[in-house]
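Notes for the one structure printed next.
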2 protein chains.
Amino acid sequence: MRLLIVEDEKRLALSLAKGLTAEGYAVDVVHDGLEGLHRASESPYDLLVLDIMLPGMNGYRVCSTLRAAGNDVPILMLTAKDGEYDEAEGLDTGADDYLTKPFSYVVLVARIKALLRRRGQGAGASPVHVLGELRVDTAARRVFLRDDEVALTAKEFAVLEQFVLRAGQVVSKGEILDHVWDFAYDGDLNIVEVYVSALRRKLGATLIRTVRGAGYRLETAR
Amino acid sequence: MRLLIVEDEKRLALSLAKGLTAEGYAVDVVHDGLEGLHRASESPYDLLVLDIMLPGMNGYRVCSTLRAAGNDVPILMLTAKDGEYDEAEGLDTGADDYLTKPFSYVVLVARIKALLRRRGQGAGASPVHVLGELRVDTAARRVFLRDDEVALTAKEFAVLEQFVLRAGQVVSKGEILDHVWDFAYDGDLNIVEVYVSALRRKLGATLIRTVRGAGYRLETAR
DNA sequence: TGTTCCCCATGCGCCTGTTGATCGTCGAGG
DNA sequence: CCTCGACGATCAACAGGCGCATGGGGAACA
């Protein structure tokens, strides 16, 4: 875990760096806003601790510039409580959390951990499956084909999900029926064909391959 | 946020429930240890307030049984100070925090909030969530839309909070019901639709997107 | 007693699931 | 190589379900 501290009060910056290093983080420190922006743009940090009052470029601008460039590294802002700067403004510019000086070291560490955890969950906890040009986010129930979102109905999504979970394997119509339709359903297997047809129309014909007499197979990336 | 209070002193339990409900939590109360264990095992509570001296099964055993079953719901234990039971033992059995009777209501609420924050509920320690033009301060229970504060009722806020905690993911009506309404409620899922409707009216129609057949999704800014 | 909030019920409109018919395709066997 | 039968794909039409809006009744405050 790499952290960047952008803070011009050198004593504070140093003591934070020391403590966070002891926690097991790799910590870099800069004392200037512009310098911080460069560092953050060029290296992949896991989190930024960003003061607002900075020489070179103030924290708000560093933050909004990073965001404008598409950088979504978690940012913890440090604000002085004397009111010249507003906490809300920090959040508006795209910071993820703020802390008002003076703060306790324990609280800072807790917030940092929380932000890192949040990031971790946001990416890891939501199982996103990528198969070539197809991206399926089961938590958000969204499907993307080459950056374009594809709108699927509930049943279509459920069928696709079965294929994704067993990508590359042959899945029979009966199995799809068992997993997607409820127990009581005793209709025709043709219903599966109908949905495969719909998926092919929306996602491209080559994605789901027919295995005659056995079922279908979702093509894995190649 | 659903809380379960397990406390056999009925007057105390009732007054806590009343106060916490006013804070916007969905609160269930039981007066018996065994009953509490069952409830906690079967429903997804966000926090337990657990007395030690209880009929049926004492608080220690309730706590350790839950932990043994892999349930890691935050538990706040209430201990009498007369020494028959030991605070440390409570923590040993897997409680997250304890409070010695008599305690002030304010302290209790503070501890509860701290635990919920610490546990994060998937959201980290920051009480403020920013999603595009929406800013939700869960600690202060205030909501801002583009610098204007929006007045929400307790239930409206509770529903919104669920969405915010799982922003970008699909949340089903059932899940909302489970977390916002208490267990005594067994009404129609339609009630969720009514509240989503109210939120859309106050916060704009595009914020909460309907995912037909699955639930709703709070749009993340981007 | 008035106001606010919460829950329920109703009706409506649109989307979606399902069906059955028809058309296309594959492969085995003559 | 051709034919035929079986399997699969697609389409259109219908009915029911799902989600939304709205208003009223009732409870809980002040």
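These numbers were taken from a predicted model, which means no experiment stands behind them. Just so we're on the same page: letters track the sequence lines, and every chain starts at 1.
The side chain of Tyr216(B) contributes no N or O atom lying less than 4.0 Å from OP1 or OP2 of dC18(D). Taking 4.0 angstrom as the limit, Lys173(B) places none of its side-chain polar atoms (N or O) nearer than this to OP1 or OP2 of dC18(D). Between Ser197(A) and dC11(D) there is no side-chain polar atom (N or O) within less than 4.0 angstrom of OP1 or OP2. Regarding contacts with the backbone of dG17(C), a side-chain N or O of Thr153(A) is found under 4.0 angstrom from either OP1 or OP2.
Checked options Ile191(B), Val180(B), Leu160(B), Val194(B); the residue passing with Lys155(B) is Val180(B) (criterion: side-chain contact (heavy atoms from CB on, under 4.5 Å)). A ring pair (Phe, Tyr, Trp, His ring centres under 6.0 Å) with Tyr195(B) is found for one member of Trp181(B), Tyr216(B), Phe157(B) and no other, namely Trp181(B).
Side-chain proximity of Tyr185(B) to the nucleotides dG17(C), dC20(D), dC8(C) is greatest for dC8(C). Closest to the Asn190(A) side chain, of the nucleotides dC6(C), dG8(D), dG20(C), is dG20(C).
At whole-Å resolution of the value, CZ in Arg209(B) and P in dG19(D) are 16 Å apart. Rounded to whole Å, atom C1' of dC7(C) lies 17 Å from atom CD1 of Ile176(B). Residue Leu199(A) contributes atom CG, which lies 17 Å from atom P of dG8(D) at whole-angstrom precision. Protein atom CD of Glu193(A) is 14 Å distant from nucleotide atom P of dC11(D), rounded to whole Å. We find that CD1 of Ile191(B) is positioned 14 Å from C1' of dG19(D), with the value rounded to whole Å. Computed from coordinates, the Leu189(A) CG to dG20(C) C1' distance equals 15 Å when rounded to whole Å. The CZ atom of Phe157(B) sits 13 Å away from the P atom of dC6(C) (whole-angstrom rounding). The CZ atom of Arg212(B) sits 10 Å away from the C1' atom of dC20(D) (whole-angstrom rounding).
Gly59(A) approaches Leu50(A) most closely through the heavy-atom pair O-CD2, 3.4 Å.
The pair Glu175(B)-Lys173(B) fails the salt-bridge criterion, with no side-chain N (NZ, NE, NH1 or NH2) lying under 4.0 Å from an Asp/Glu carboxylate O.
A donor-acceptor pair under 3.5 Å is formed between the side chain of Arg217(B) and the backbone N or O of Ala140(A).
Residues Arg201(A) and Val194(B) both approach DNA chain D. Their nearest nucleotides, taken by heavy-atom distance, put Arg201(A) toward the 5′ side. With the nearest nucleotide of DNA chain C identified for both Trp181(B) and Tyr195(A), Trp181(B) has the one nearer the 5' end.
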